[in-house]
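Shown next, in structure tokens, is the structure this report addresses.
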There are 2 protein chains.
Amino acid sequence: MEFDTPIATVDVALFALLDGGLGLLLPRRDKPPYEGVRALPGGFVRVNEDDDTADTARRVARDKLGMDVSYLEQLYTFSGRARDPRGWSIAVAYLGLVPAAHLHGPVLHDLVPVDRLPPLPFDHAAIAAKAVRRLRDKSTYSSLPGFLLPGEFTLQELRTLYERITGEALDPANFRRQVVDAQRLVEATGRRRTGPAHRPAELYRLAAPGRLLLRDGPGPARPADDA
Amino acid sequence: MEFDTPIATVDVALFALLDGGLGLLLPRRDKPPYEGVRALPGGFVRVNEDDDTADTARRVARDKLGMDVSYLEQLYTFSGRARDPRGWSIAVAYLGLVPAAHLHGPVLHDLVPVDRLPPLPFDHAAIAAKAVRRLRDKSTYSSLPGFLLPGEFTLQELRTLYERITGEALDPANFRRQVVDAQRLVEATGRRRTGPAHRPAELYRLAAPGRLLLRDGPGPARPADDA
DNA sequence: TTAATAGTGTCTGTAAGACAATATATC
DNA sequence: GATATATTGTCTTACAGACACTATTAA
């Protein structure tokens with residue numbers, strides 16, 4: 001019976017900002033199959049070590065990043081006979097976000113712009129596509145992109161980020177009202193970013209982690225999508 | 001290594017209408033653990049038989065219902081050391097809908113009103129709660145509830161159903177415009193339901209299966225949430 | 001003082017919801 | 001014709017988006 005159980009793995013789509021655009025972490029695999037090929041970080045579930053698959057995802061991400069992700073949510077579960085050459089497999093996929101400012105050295109070379117993804121092994125192209133779409137969709141009605149920025153940021157930085165992710169321009173005035181006044185997604189820190197030759201901008205941080213809504217999404221306002 | 005692989009199961013939350021309200025299928029388990037206790041239908045993934053976990057879900061649903069579900073989507077994946085007494089387990093949960101009119105005899109006795117659920121084994125209470133919430137949420141902006149009705153229905157039947165599921169009253173005039181004119185979720189069959197002592201209602205059917213949006217939900221209009 | 005961006009005020013179009021009015025079947 | 005629901009018309013209001021205007025800093 002043990003013999004007939006599917007392989008259980010976890011794959012993580014980790015995003016960070018790369019030159020202002022969205023980057024996906026695709027390190028080269030250090031083991032077969034597909035050794036040396038760029039792929040989503042992943043690994044087997046370790047039943048003696050992990051409490052659940054979210055735990056596996058955090059472990060995998062920490063191993064690759066050298067730090068904890070600032071946001072993690074379950075994306076979708078991919079399964080089937082053909083997706084992994086090792087046999088019938090179940091891959092629970094997660095979506096994670098990290099502020100690029102917190103990353104160091106070699107990891108940065110594994111960040112690939114999401115609109116220039118190389119061919120990927122397994123069904124990682126489908127997983128990556130679903131992750132990008134989820135992130136884009138949620139960006140239109142939540143403060144999710146905030147997790148890609150460091151702790152403090154100006155509204156311009158946040159707005160530009162939304163624009164880069166969703167691909168549509170936003171009016172600075174209306175953006176401010178939505179994010180600060182109407183939805184209270186971010187709150188002023190009281191400090192300001194000074195330097196350039198013009199009026200300095202107030203610095204903001206993400207408000208209570210539970211607040212994610214920007215526009216009205218589906219159903220009542222809830223924290224993340226997680227169980 | 002085989003020894004250390006988690007158990008892989010699929011659980012299905014199957015909904016059908018019960019006295020106009022929402023009913024969840026909870027048959028009694030015919031095997032240990034929890035033999036004789038009401039629980040979500042579920043089963044092991046059969047690697048020789050199922051192409052993927054959606055296939056497993058369809059097989060499990062068909063076994064219990066004696067028919068195919070009219071709608072199925074992946075809900076969430078539950079995992080961990082403690083949720084199943086048999087050991088570390090991964091349960092891919094699915095949400096399914098069936099028109100009650102298509103159900104026969106004994107199955108109907110396993111339908112339980114969702115607001116009167118008994119205590120459930122494993123973490124099935126959490127799965128059921130998430131399924132109900134997903135269905136309620138999607139009902140506010142999609143034609144999902146249509147899959148709970150038979151092939152043809154009046155707008156009143158559909159509207160009443162939305163009201164029962166979401167718990168809020170809807171204006172018949174505005175509902176019609178949304179569903180028929182604006183979103184084209186349903187289309188007239190040309191036939192009418194006659195009988196009661198008043199103007200007969202036109203009969204409608206769900207429009208192209210891909211159309212699911214009612215109000216603007218998150219992101220662009222897409223078919224179901226599935227991969 | 002100027003340049004450049006931060007931030008505020010105000011208008012307009014769209015669409016959801018409230019509600020009145022009309023249509024059409026059976027009895 | 002009476003009745004009850006189907007269906008259409010019209011108005012109001014909330015709100016997102018467009019855009020003009022004012023504020024404030026460094027050079």
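The basis for the numbers below is simple: all heavy atoms, side chains too, and nothing from hydrogens, waters or symmetry mates. Residue numbering restarts at 1 for every chain, and letters A, B, ... go by the order of the sequence lines.
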*State whether the distance check finds a donor on one side and an acceptor on the other, under 3.5 Å, for side chain B:Asn174 versus base C:dA18.*
yes
*Basic-acidic side-chain contact under 4.0 Å: B:Arg59, B:Asp50*: yes
_d(CD, B:Glu202; C1', D:dT8) in whole Å_ = 14 Å
*Between A:Leu203 (CG) and D:dT25 (P), how many Å, whole number?*
14 Å
_Main-chain N/O of A:Ala39 paired with A:His124 side-chain donor or acceptor, under 3.5 Å_ = no
*Return the value, rounded to whole Å, for the distance between atom CD of B:Gln183 and atom C1' of C:dA15.*
12 Å
*Over how many whole Å does the gap from A:Asp171 atom CG to C:dT10 atom P extend?*
16 Å
*asked:* Between C1' on D:dA6 and CZ on B:Arg159, what's the gap in Å once rounded to a whole number?
replied: 10 Å
*Under 4.0 Å between a Lys/Arg side-chain N and an Asp/Glu carboxylate O for A:Arg176 and A:Asp171?*
no
*Compare side-chain N and O positions of B:Arg176 against OP1 and OP2 of D:dT8 and report whether any pair is under 4.0 Å apart.*
yes
*asked:* Filter on side-chain hydrogen bond (donor to acceptor under 3.5 Å, both in side chains), then keep only pairs touching residues 149-160 of chain B, sequence neighbours left out; what's left?
replied: B:Glu152-B:Arg191, B:Glu157-B:Arg193
*A:Thr194 near the nucleic acid: base, sugar-phosphate alone, or nothing, with a heavy-atom cut-off under 4.0 Å?*
sugar-phosphate
_Is A:Gln156 close enough to C:dT5 that one of its side-chain N or O atoms is under 4.0 Å from OP1 or OP2 there?_
no
*Which comes earlier along DNA chain D counting from the 5' end, the contact point of A:Ala182 or that of B:Tyr204, where each point is its nearest nucleotide?*
B:Tyr204
*Find the distance A:Arg192:CZ to C:dA4:P and express it as a whole number of Å.*
20 Å
*5' priority, DNA chain C, between A:His198 and A:Ala173 [closest heavy atom]*: A:His198
*asked:* Using the side-chain contact (heavy atoms from CB on, under 4.5 Å) definition, which of the options A:Leu206, A:Leu161, A:Leu148, A:Leu203 pairs with A:Phe153?
replied: A:Leu206
*Any side-chain N or O of B:Arg177 under 4.0 Å from OP1/OP2 of D:dT8?*
no
*Rounded to the Å, how far apart are B:Asp181 CG and D:dG9 C1'?*
13 Å
*To the nearest angstrom, how far is A:Arg199 atom CZ from C:dT8 atom P?*
7 Å
